[in-house]
Each structure stands twice: as structure tokens, then as C-alpha cells.
Student: 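Mind having a look at this structure? Questions to follow.
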Amino acid sequence: MSELLRFSENELQEYALLIMACVYTLRIIWLLHFKAGRERQAPTGQFRTTRARGIVYSWMNIAMPWEMESTRTKAFFYVQFVVFHLGVVAAIGLSFVIPYAPGVLKSGAAVLIFQTVIGLAFLVSLLRLVRRATDKYIRAISSPDDYFSLALLAVWFFFAVFAAPNRPERGEAFLLGFFMLTAFFLIYVPFSKISHYLYYPFTRYYFGKTMGYRGVYPLAKSKQ
Amino acid sequence: MSDTRAAQSHKAKKLIERMSRKLNRQMAGSLAACVHCGMCTEACHYVLTNPDDPTYAPAYKADRIRKIFKRHFDWTGRVLPWWVGAKTVRTDAELEELKDIVFGKCTNCRRCSINCPMGVDYATFNRMARGLLVSVGIMPEGVAVVSKDQWEIGNQMGVLKEEYIDTLEWMSEELSGDMGDPNAVIPIDKMDADIVYSINPREVKYDPRTIADAAKIFYLAGENWTMPSEGWDMTNFGLFSGDDDLGGAVALRLYEKVSELRGRKLVISECGHGYRSTRCEGPNWAAHTVPFEMESSVNTMLRYIKEGRIKVDKTRNDVPVTFHDSCNNARSCGLFEEPRELLNLVVTDFREMVPNRSENYCCTGGGGAMSMSEYTPRRLKSARVKADQLKATGAKIVVTSCHNCVDGLTDLIRHYKLGMDVTQLVNLVANAVVVPEKIAVEKPAESEKPAAVAVEHSLEAFKILVVDDEDDIRLYYTVLLEDNGAKVIQASDGDEALKLAKSEKPDLITLDLNMPGKDGGQVFEQLRKDPELAEIKVCIITGRPELRRLIYDRPVPPPEGFLDKPVDDHALLLNIRKILEVG
Ligand code: SF4
Ligand code: SF4
């Protein structure tokens, strides 16, 4: 293993993680500096809807595609969403497994699982890129950051698929590319739309709290 | 960086300055968290009816506000504005464009909010943007007029105290007559009542039947209730205009009146935005902890039936009905099941429209849309979704617990020629309620009725001049009024109206405002200033309610009536009879 690859797998990731942690902390402080809204009124709605239930329901919402009309009626899109995010989790996991638990990748099955999940996520990212560029609604709301973040992820997935076997002796290009991109990601993410996973618990918490208190969450779905 | 250095209008600067005060954590989160996934797109009725225009997409509309937020409050937008789509607002023309979006392309129905996987609540920050624009004086004219009326007169339809009290007394007399009990009255300003009942000014102006129906139910339930002489309007234009100060002031007026009367519970008549404003948002806007209970009259009526305080016979309502969930009642206050439970107790054939409950579509009259006449064609186009929903039920009547929805639905039903009626639960309950024998009054048989009663509501003795430049509207009023006995003459412009007023001396003139040549405002002023014509009663009927102020501000006595188009048979006859003091 070259010194550059060793550095990329270790110190570079640690510095990048540190930077990301700092910027994330600042992000959270920034969000918390806005005043929190206060509900002075008595709760509305039926007994099954409370603040706490609203919050939990809101957080779990994304795992219950049947609950929202938008996810219920767009099953293919929802599957893409799941695959894409599993791919992200797998690729992040891979960036830790390679330097800290390389033994895992001695198993051919483990490598295959990583490659399959990340490979599918790569395909989804291409589909998403096409959709973003061709769907008139999505195109109208897309910023350069939206395209760039998605393209970056697609490239990252691509490198991750080939880095998964962790065989530097067969060539370091994919491993180097994967770790360099990971480091770049860690630094870029807090400035981009990818930081949405930081906001998710917040927006969902507040929305769930309000909607639960007002008797709207858990949603009373349409019935025949 | 150049977009902040360029000259910025005073209003644009103020708007940005005030944005920092309006933002709270929830809004900042919603503004920061959108991932532009487009999952909310098809949730919006505007999108469904304008499939070729992506500018109607919720996320696109939200981005018009988001870009300002990003440019000024989010570091990514400060550092790399182009990269993340951040942009400030510089000119008044840009503010006008924003106005067109936040007032004219969104009814704040919250349907996109509940369909966003990220929990982005666009409707909430769209309301914030409305409030910011209002604070710098940029808003549709109708919003300005209605807000002014609510600030100054105390209710959003400019109903004067005498008119309100007159209507209550009139309804009170009807109730005593109907029940055959002189004690069956509408108590006004009664102290220590268990229920203080608040209403929508629309009920006074267009639908006093709902007041009478509610009074009948309270009376039969043996309720200790009252209506306040002032501070009785539970509607709140602050919800639509985004003006929290107005919202707080209006809500406080009502809360203070209830406290002054030492009322135990405030019951809010069926009105979506009124319920949301009074019950949910008011205490927050007014920073006031309300010391009494508040509930929708839907819950009150349901309780009366469940407790056996009133008995109902559902076979009296045997026409197929469907129910429309008001966005404010449902998606903002969780009122889903109670109206259905009540409906099932008072009608025989209830059919759900699809989708329903939290997934129902807006009536398209929400968010104050009925007062913004400049957006009427857009509103009616977007109403096709609702029209299709209604049609599919095969129902003859659509029931809704909201006065705004009544207007929105009535308008779209007429536009799409659906031939349905719109009513409220209170009307159905009052119709189904069984009057105990000891108070049921024997109604004289048709043949025994005195002649005076038979012609009680006839307009036979009256000559009415209908002035409107639209042929079909003139024809509609003429047929309706002639069917009710009036002699009708017509004028299609201002000059002709003045000429006919002089030669024919009608008892009443229904006057449109927007007409080619001499407009209705000028005609009205000339009528009032001419000693020969000054006594003729005038009822303004206009599709531009925002012009009300222009009429009332003229240095002449105000018109006897003022109606907003579209006007239906019931409202037109009711108001004309009221003006002519018939029946
Ligand atoms: S669904 Fe939510 S995150 Fe997606 S575009 Fe709409 S508002 Fe943005
Ligand atoms: S709040 Fe309603 S009207 Fe406004 S964008 Fe969302 S779905 Fe459309």
C-alpha cells in the first residue's frame, strides 16, 4: 500500500471528519439561534393524536410509505429512495470498514453485498440525474448544487463499487479515488443540500410536534 | 455578491429586515431543508390543473421565498449564492411578482406540507411571506380592504353593529314564531352563560338562516347561551394576510368579550379559518392564555345528540350528501371524524368524496382567495380538481363546515355546472331536529293561511332597476326578481342607468361597479347627490369586493346594501327583501 493511500484512508478521513463535525455543530447552533415557536392554545383533535405521538410518527414517516399520498402513489420512486440511501449508508460504512476492519472484506459475500447495494445506488443516482435534467418540474427547481451533489454521489458510488474488494495490490486508483472523494464529501456536505439529513430530524420534530398537538398527526388518511 | 450591492428599494430593504424578526426555528428548518425532490408537486391543485407550467409547483413557489432566506440568513447562500440558488429581492416590481405567487398561486391549504418527506411546511412560510409583503404595503386590493374593515369596523365584511343586532332580532322573532314560545329568543350579552356563540359576518350578510338554525338547536337543547353584541366576529383576516398583529387584535377582541360576559365556553360557528384562527392561532398571535374553553359548533351539536339533549330524525334529510373537509379545520386543526359522525346521525345517504380527510383537496376559495378578484380565473381553473371530486360522488348536496368553502364551492359548482347545493351541518341538524310536542306549533293549513301571509315575501309592489354590463347577469337577476313579483327594468351602462332612474323612479337599484363609460361608483354618487333620486335604495353587487372602500369613502350616504359576486338566488332575494323591508 502506498503512503498516499495509507494517508487517504486514515489521517485525511480523520481531518475531514473533524471539519465536518465542526461545521455541523455550527449548523446546529445556527438553527437553534432562531426562536422556537410556542403553542399557547389547548390541543385540538382526538385523543390518539398527541405531541409525543406526532413527533414519533413524523420521524417514522419516511419508513411508512403507505402513510403519505406522495410515497404511496409513487412506489417506484420510493424504492429508488430506499436503494439510494442504503447505498449511501453502505458507502459510508465501507469508508470505515476498509481502514478499521479490513478483515470483513476477506469474505466474498460481504464484498458482494457492498457492491450490489452500492451498485444499485449508482444506477439510481443515474436515473435521478436523468430525471432532474428532463422532468420540467424538477428542472425548474434545481440549482447547480442539486446537479453537482448528485453527480458527485454517482461518481463516489462508482468508485466505491470497485474499491469494495480492498485489493490495493491490484491497483490503487479506485481506492484512492474513493477515499479522496469521501474526504471531499465530508468537507463539502455541510455546505450543500446533502446536509439535509442533518435537518431532517429537526424539521420532522417540529412539524410532528405541531401536527400532533393539533390533532393532525398521525394522519387521518382518506377512506372510501 | 453583486445582488446585495445593487440599489435596493426601501420596501425590499424593510422586507428583508422584518424577515429576520418573523423567522422561527420551524420556518428556518423548512426553508433550509428542501432537497428539491419534487414529491410535493402533485399534491397541489394548481399543478394538477396547470400541467404545463412548472411555476405552480409548491417547491418552485417556495423557492421564491427560500432564495431570499438563503441569500440573507444562510451562509451557503451568502458565500455561494449562484451555486445554491440564493438571491435577494431588489425592486418593488420583484415584490409584486412575489405577491402574485404567495397570494395568487397558493391557498395555504397545507396539502403539500403533509406530503413532503422532509417535513417542509411551505404553507406556513408562505403565510409569513404574505405578512412581510403586507407590512410593506404590497398586497391584493381585496386584502387591504378586508383587513382595514376588520381593523376599523371589527369584522371583515364591514357589517355595522345596527345591522348585526337587527339581524339577530329578526332571527329571534322567527325563532319565537317557529317555536310558539315568546321565551325562544337569541339572548344578547347575557352574563354568565355556559356558551357564548360567535359567528362569521357572512352569516349576517348572506345566510342569517344559519344563525336561526343554531338558535333553534341551542333553544331545544335547553342551553344557557348568548351572543355578544360586540366582538362577535370569529373570523380573522390575519390568517390570510399573514399579519399577526391583526390576527392577535381580532382574536383578543373576541376573547375579551367572552371574559367580560363571564362566559364559560366559546362556541365557534362552522368556519374553517375562523375555527383555526380563534381556537388554534389566536392565543399565539395575541400572546394571550385563554381562560375558557373553545370548541367548534360541530362538537357542540354532536354532544347534544349524544347526550340526548336534542333528538333528530335523519329521514328528513334523505337526499344524497357528500362532505368537504375544510383545509383549516382538517389539516390544521384535526377536525376529521366529528363532522362525519354528526352527518351520519342526521342524513340517510352520506357518500365520502375521494380523497377525503387529511388528503382532501382545497375548495380553492381558501387563503382569502375569494377576496382577491384579480385571481378569479386562476382560482376557477384550479377548481377543476374539486369539481371532478364532487361530480364523482353523485351527491346532490355538498356539506362543509366552513363559510369560505361554502363560497368557494358555490362558485365552482356554478362555473362547472354541477347542479349541486352547498349547505352546512347546522342546517341539516336544524332540519332533522325533532321539536317536542309541547312546543311544536300547529301550522295553519295552506288554505287557512291569511292572505297577507301568502304574499308576505312577494316583491310585487316594487320596481327594481338592474344595472350590469353583463347580459347573462342582468338576465339572471331579472328572471329571479320577476319570478318573485317585482317589475324589473334593465340598464347596461352608467348613463342608461341614470336616465332610467330619472324616468322610472325605481324603488331599488342593483348596481354593478365595473362598467364601461360611467362606472358604478360615479353613478352611485350622482344618484345620491340628485335630490330627486337620493332616496332610491341602492344595492351594490360587484365582483370586485375590494372596491367597497371606494364606495363607503364617498361623501354621500352609504348604499343600503353591498353584495359580492357571485351571488346566489337566496342571498340576492334575502338582501333585496331586507333593503325593501319585505317579510
Ligand atoms: S417534497 Fe419537500 S423536500 Fe421535496 S421538493 Fe417538496 S418541499 Fe422540497
Ligand atoms: S399549500 Fe396548497 S395551494 Fe399552496 S402550494 Fe401547497 S398544495 Fe398548493
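When reading the values below, keep in mind they use all heavy atoms of this one structure, side chains included, and skip hydrogens, waters and symmetry mates. Here is how names work: the chains are called A, B, and so on, in the same order as the sequence lines, proteins then strands, and each is numbered from 1. Everything quoted here is computed from the prediction, not taken from an experiment.
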Student: How many angstroms lie between CD1 in Ile114(B) and OH in Tyr217(A), if you round to the nearest 0.5 Å?
Tutor: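 Going from the CD1 atom of Ile114(B) to the OH atom of Tyr217(A) covers 7.0 Å.
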
Student: Are the side chains of Ser70(A) and Glu42(B) in contact, using a 4.5 Å heavy-atom criterion?
Tutor: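 No. Closest side-chain heavy atoms not under 4.5 Å.
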
Student: Check whether NZ of the Lys or CZ of the Arg Arg40(A) lies under 6.0 Å from the centre of the six-membered ring of Trp285(B) and within 45 degrees of that ring's axis.
Tutor: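 Relative to the ring axis of Trp285(B), which defines the angle, Arg40(A) lies outside at least one limit.
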
Student: Highest number of heavy-atom pairs under 4.5 Å with chain A: which of Asn24(B), Thr55(B), Leu335(B)?
Tutor: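 Between Asn24(B), Thr55(B), Leu335(B), the count favours Asn24(B).
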
Student: What part of Phe77(A) gets closer than 4.5 Å to chain B, counting heavy atoms only: side chain, backbone, both or neither?
Tutor: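 The side chain, not the backbone.
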
Student: Could you tell me whether the side chain of Arg357(B) and the main chain of Leu219(A) form a donor-acceptor pair under 3.5 Å?
Tutor: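 No, Arg357(B) side chain to Leu219(A) backbone: no donor-acceptor pair under 3.5 Å.
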
Student: Stepwise, does the side-chain contact (heavy atoms from CB on, under 4.5 Å) test hold for Trp30(A) with Asp74(B)?
Tutor: CA-CA 9 Å; Trp30(A) 169 78; Asp74(B) 185 339; 4.1 Å; yes

Student: Heavy-atom distance under 4.5 Å to chain A: side chain of Arg351(B), backbone, both or neither?
Tutor: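 Contact with chain A is absent: no heavy atom of Arg351(B) under 4.5 Å.
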
Student: Surrounding CE of Met60(A) (heavy atoms of other residues, nucleotides or ligands, distance under 6.0 Å), is the total greater than 12?
Tutor: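 Incorrect, the count does not exceed 12.
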
Student: In terms of heavy-atom pairs under 4.5 Å with chain A, which of Glu295(B), Arg111(B), Met27(B) leads?
Tutor: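 Max contact count across the listed options: Arg111(B).
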
Student: Non-hydrogen atoms of chain A under 4.5 Å away: do they reach the side chain of Ala286(B), the backbone, both or neither?
Tutor: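 Nothing of Ala286(B), per the 4.5 Å heavy-atom cut-off to chain A.
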
Student: Tell me whether Glu359(B) is salt-bridged to Lys223(A), with the criterion being a basic N under 4.0 Å from an acidic carboxylate O.
Tutor: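 The answer is no: the pair does not qualify as a salt bridge.
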
Student: Please look at Arg340(B) and chain A and tell me whether the side chain, the backbone, both or neither of the residue comes under 4.5 angstrom of a heavy atom of that chain.
Tutor: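 Contact with chain A involves no heavy atom of Arg340(B) at all.
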
Student: Dump the intermediate steps for side-chain contact (heavy atoms from CB on, under 4.5 Å) on Leu31(B) and Phe34(A), then the final yes or no.
Tutor: CA-CA 12 Å; Leu31(B) 283 157; Phe34(A) 292 102; over 6 Å; no

Student: Output yes when a side-chain donor or acceptor of Ser143(A) lies under 3.5 Å from a complementary backbone atom of Gly85(B), and no otherwise.
Tutor: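 No; zero donor-acceptor contacts below 3.5 Å.
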
Student: Indicate yes or no: at least one non-hydrogen side-chain atom of Val23(A) is less than 4.5 angstrom from one of Trp75(B).
Tutor: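 When only atoms from C-beta onward are counted, Trp75(B) and Val23(A) do touch, with a gap below 4.5 Å.
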
Student: Taking Pro144(A), Gly215(A), Ala36(A) one by one, which has the highest count of heavy-atom pairs under 4.5 Å against chain B?
Tutor: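 Among Pro144(A), Gly215(A), Ala36(A), the one with the most close pairs to chain B is Pro144(A).
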
Student: In terms of heavy-atom proximity below 4.5 Å to chain B, should Ile194(A) be classed as side chain, backbone, both, or neither?
Tutor: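 The answer is neither part of Ile194(A).
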
Student: Non-hydrogen atoms of chain B under 4.5 Å away: do they reach the side chain of Arg72(A), the backbone, both or neither?
Tutor: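 The side chain, not the backbone.
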
Student: Could you report the tightest heavy-atom contact between Ala140(A) and Pro54(B), atom names first, then the distance?
Tutor: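 Heavy atoms only, the tightest pair is CB-CB, 3.8 Å.
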
Student: Distance-only, no hydrogens or angles: does the Tyr137(A) side chain make a donor-acceptor pair with backbone N or O of Pro51(B) under 3.5 Å?
Tutor: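 Yes; judged by distance alone, with no hydrogens or angles, the pair exists.
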
Student: Could you state the interatomic distance from SG (Cys37(B)) to CD1 (Ile141(A)), rounded to the nearest 0.5 Å?
Tutor: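 Going from the SG atom of Cys37(B) to the CD1 atom of Ile141(A) covers 7.5 Å.
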
Student: With a 4.5 angstrom heavy-atom cut-off, could you sort out which part of Leu32(A) is near chain B: side chain, backbone, both or neither?
Tutor: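 For Leu32(A), heavy atoms of backbone and side chain both lie under 4.5 Å from chain B.
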
Student: Which is it for Cys280(B) and Thr44(A) under the side-chain contact (heavy atoms from CB on, under 4.5 Å) test, yes or no, and what are the steps along the way?
Tutor: CA-CA 8 Å; Cys280(B) 297; Thr44(A) 47; 3.8 Å; yes

Student: For a quick test of reading the model, state the closest non-hydrogen atom pair linking Arg214(A) to Glu281(B) and the distance between them.
Tutor: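 The answer is NH1-OE2, 2.6 Å.
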
Student: Which one wins on heavy-atom pair count under 4.5 Å against chain B: Met211(A), Glu69(A), Arg139(A), Glu39(A)?
Tutor: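 Heavy-atom pair counts peak at Glu69(A).
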
Student: With respect to Phe191(A), which candidate in Thr76(B), Leu80(B), Val79(B) satisfies the side-chain contact (heavy atoms from CB on, under 4.5 Å) definition?
Tutor: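 Looking at Thr76(B), Leu80(B), Val79(B), the match for Phe191(A) under the side-chain contact (heavy atoms from CB on, under 4.5 Å) is Thr76(B).
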
Student: Rounded to the nearest 0.5 Å, what separation is found between the CE atom of Met39(B) and the CE atom of Met68(A)?
Tutor: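 Answer for the CE-CE pair, Met39(B) versus Met68(A), is 6.0 Å.
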
Student: Between Arg128(A) and chain B, which part of the residue has a heavy atom less than 4.5 Å away: side chain, backbone, both or neither?
Tutor: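 Contact with chain B involves no heavy atom of Arg128(A) at all.
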
Student: Look at the side chain of Lys35(A) and the backbone N and O of Leu23(B), then say whether any donor-acceptor pair between them is shorter than 3.5 Å.
Tutor: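 Confirmed, Lys35(A) side chain pairs with Leu23(B) backbone.
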
Student: Do you know which two heavy atoms are closest between Lys136(A) and Asp52(B), and how far apart they sit?
Tutor: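 Result for this residue pair: CE-CA, 3.8 Å.
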
Student: Heavy atoms only, distances under 4.5 angstrom: which of Ala33(B), Pro117(B), Ser332(B) has the most pairs with chain A? Name it, please.
Tutor: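 The residue among Ala33(B), Pro117(B), Ser332(B) with the greatest pair count is Pro117(B).
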
Student: Checking heavy atoms, do the side chain of Lys67(B), its backbone, both or neither come under 4.5 Å from chain A?
Tutor: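 Neither the backbone nor the side chain of Lys67(B) comes within 4.5 Å of chain A.
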
Student: Using a cut-off of under 4.5 Å on heavy-atom pairs, state which of Asp325(B), Val84(B), Val354(B) scores highest against chain A.
Tutor: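 The residue among Asp325(B), Val84(B), Val354(B) with the greatest pair count is Val84(B).
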
Student: What part of Asn61(A) lies closer than 4.5 angstrom to a heavy atom of chain B: side chain, backbone, both or neither?
Tutor: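 For Asn61(A), neither part sits under 4.5 Å from chain B.
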
Student: Does any heavy atom of chain A fall under 4.5 Å from the side chain of Arg21(B), the backbone, both, or neither of them?
Tutor: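 When you check distances to chain A, only backbone atoms of Arg21(B) fall under 4.5 Å.
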
Student: Between Arg132(A), Lys209(A), His33(A), Glu67(A), which shows the greatest number of heavy-atom pairs under 4.5 Å with chain B?
Tutor: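 Option with the greatest count: Arg132(A).
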
Student: Any sub-3.5 Å donor-acceptor pair from Arg25(B)'s side-chain atoms to Thr203(A)'s backbone N or O?
Tutor: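 Judged by distance alone, no pair lies under 3.5 Å.
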
Student: Once rounded to the nearest 0.5 Å, what's the spacing between atom CD of Gln46(A) and atom CZ of Phe336(B)?
Tutor: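 Between Gln46(A) CD and Phe336(B) CZ, I get 9.5 Å after rounding to 0.5 Å.
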
Student: Would you mind telling me which of Ser30(B), Ala287(B), Gly38(B), Ala62(B) has the largest number of heavy-atom pairs within less than 4.5 Å of chain A?
Tutor: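 Most pairs with chain A among the choices: Ala287(B).
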
Student: Under a 4.5 Å heavy-atom cut-off, does chain A meet the side chain of Cys112(B), its backbone, both or neither?
Tutor: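 No part of Cys112(B) comes within 4.5 Å of chain A.
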
Student: Verify side-chain contact (heavy atoms from CB on, under 4.5 Å) between Met118(B) and Phe207(A), making sure each step is shown before the conclusion.
Tutor: CA-CA 10 Å; Met118(B) 286 296 295; Phe207(A) 194 57; over 6 Å; no

Student: Among Val290(B), Asn284(B), Thr289(B), which residue satisfies the side-chain contact (heavy atoms from CB on, under 4.5 Å) criterion with Gln41(A)?
Tutor: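 Result for side-chain contact (heavy atoms from CB on, under 4.5 Å) with Gln41(A): Asn284(B).
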
Student: Do Phe148(A) and Trp83(B) pass the ring pair (Phe, Tyr, Trp, His ring centres under 6.0 Å) test, and can you show the C-alpha distance, the side-chain angles, and the key distance before you say yes or no?
Tutor: CA-CA 9 Å; Phe148(A) 180 73; Trp83(B) 190 246; 5.3 Å; yes

Student: Taking the side chain from Ser358(B) and the backbone from Ala220(A), do they hold a donor-acceptor pair closer than 3.5 Å?
Tutor: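 At least one qualifying donor-acceptor pair exists.
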
Student: With a 4.5 angstrom heavy-atom cut-off, is it the side chain or the backbone of Ile62(A) that approaches chain B, or both, or neither?
Tutor: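 Only the side chain of Ile62(A) comes within 4.5 Å of chain B.
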
Student: For Tyr15(A), look at atom OH and say whether over 12 heavy atoms of other residues, nucleotides or ligands are found less than 6.0 Å away.
Tutor: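 Open.
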
Student: Distance from Asn115(B) atom CG to Thr71(A) atom OG1, nearest 0.5 Å?
Tutor: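 Those atoms lie 7.5 Å apart.
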
Student: For each of Ala43(B), Ser113(B), Ala57(B), tally heavy-atom pairs with chain A at distances under 4.5 Å, and name the one with the top tally.
Tutor: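 Greatest number of close heavy-atom pairs with chain A: Ser113(B).
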
Student: Please report the interatomic distance SG(Cys34(B)) to NZ(Lys193(A)), rounded to the nearest 0.5 Å.
Tutor: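 Nearest 0.5 Å value for the SG-NZ distance: 8.0 Å.
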
